[in-house]
There are 2 protein chains.
Amino acid sequence: MGASKTTLFQPEQNNLATMAKALSHPARIAILEYLAKSKTCICGDIVDELPLSQATVSQHLKELKNACLITGEIEGPKVCYCINVKAWKQGKEMISQFMQSITDTCC
Amino acid sequence: MGASKTTLFQPEQNNLATMAKALSHPARIAILEYLAKSKTCICGDIVDELPLSQATVSQHLKELKNACLITGEIEGPKVCYCINVKAWKQGKEMISQFMQSITDTCC
DNA sequence: TTCTTTAATTGTAATATTACGATGAATATA
DNA sequence: TATATTCATCGTAATATTACAATTAAAGAA
């Protein structure tokens, strides 16, 4: 197989899993950290920062964009990436509530 | 490839990614929710609860155990699974701090 | 127009993940 | 001892992920 049966679970469970999947690679964690601290956010800067090829970085950026965690605006030949603050805060809330609810309910 | 180059990133980034990966499947979210609310925690109950085969559930339980998020104690022919409260709280703290730090640092 | 820069996309390979049937190991019960 | 129950593991198949070289596309500069 290889494909998860998302139709068999609750939307909330799928949303959580999708968010977690976006954060499930150290390169994407590093990208998010760099975007947060950097003011420039230009793609090339991220490639310089990470020990990965341009193609691979682009792929990770695409996944973060698919998960709505970042935005990418074209500026001439360059692309300026940014944290999607609104979506990020929503995701943060969703994960925090989930993790708290486990400890609240648990043992 | 298919294997992520974990040696090229910070341990903290790898820890975060590993934790997120454990949460990146709706079945594992569902298992954690069920373990939290259930008092019994017997593996067979989880299989009954989820729309997946026994072998698949066992595989997901193994991953959660590898990530130290749950424990499994043998009770005769049965196995009693439980949230690893200590590790869970640590993970919760790690993720919360990371997500907060992004919004703090960001834009 | 031609060249350069920037970043996405394509093609390809290696490995990981997801899923399940079948089997095996361990314990309890008849 | 034989049988049933419970769960892990093995084998296998389909799909996803990760990574990079090469190419393409788009915009700006010479």
- Count the heavy atoms of every other residue, nucleotide or ligand shown that sit under 6.0 Å from CD1 of A:Ile74, and state whether that count exceeds 12. no
- Message: According to salt bridge (charged side-chain N to carboxylate O under 4.0 Å, His left out), who are the partners of B:Glu63, at least two apart in sequence or on a separate chain?
- Response: B:Arg28
- Note on the structure: By side-chain hydrogen bond (donor to acceptor under 3.5 Å, both in side chains), A:Thr56 pairs with (sequence neighbours left out) A:Ser53
- Query: Do side-chain atoms of A:Ser96 reach the backbone of A:Glu93 as a donor and acceptor pair under 3.5 angstrom?
  - Reply: no
- Would you mind classifying the nucleic acid contact of A:Ile42 as base, sugar-phosphate or nothing, using non-hydrogen atoms under 4.0 angstrom? sugar-phosphate
- Message: Using 30° and 60° as the class boundaries, would you call the ring planes of A:His60 and A:His25 parallel, tilted or perpendicular?
- Response: tilted
- Item | Atom-to-atom span, CD1 of A:Ile46 to P of C:dT6 - whole angstrom | 14 Å
- When Watson-Crick pairs (N1 to N3 and N6-O4 or O6-N4) and G-U wobble pairs (N1-O2 and O6-N3) count only below 3.5 Å on both distances, what is the dot-bracket string of DNA chain D, with | for other-strand pairs? ||||||||||||||||||||||||||||||
- Note on the structure: Taking for A:Lys62 and for A:Lys78 the nucleotide of DNA chain C with the nearest heavy atom, the one nearer the 5' end belongs to A:Lys78
- Message: Closer than 3.5 angstrom, by distance alone: can the side chain of A:Ser58 be matched with the main-chain N or O of A:Ala55 as a donor-acceptor pair?
- Response: no
- Message: Please tell me if A:Ser58 has a side-chain N or O lying less than 4.0 Å from either OP1 or OP2 of C:dA7.
- Response: no
- Task: Rounded off to whole Å, could you give me the NZ-to-P distance for the A:Lys65 and C:dA7 pair?
- Result: 11 Å
Validation: residues 80-91 of chain A side-chain donor-acceptor distances under 3.5 Å, sequence neighbours left out:
{"unit_1": "A:Asn84", "atom_1": "OD1", "unit_2": "A:Ala87", "atom_2": "N", "d": "3.3"}
{"unit_1": "A:Asn84", "atom_1": "ND2", "unit_2": "A:Cys68", "atom_2": "O", "d": "3.2"}
{"unit_1": "A:Trp88", "atom_1": "NE1", "unit_2": "B:Met99", "atom_2": "O", "d": "3.0"}

- Message: Suppose we screen for side-chain hydrogen bond (donor to acceptor under 3.5 Å, both in side chains). Which residues come up paired with B:Lys92, at least two apart in sequence or across chains?
- Response: A:Gln100
- How would nucleotides 17-30 of chain C be written as a contact map, 5' to 3', with B for base contact, S for sugar-phosphate-only contact and - for no contact, using protein heavy atoms under 4.0 Å? BBBBB-----SS--
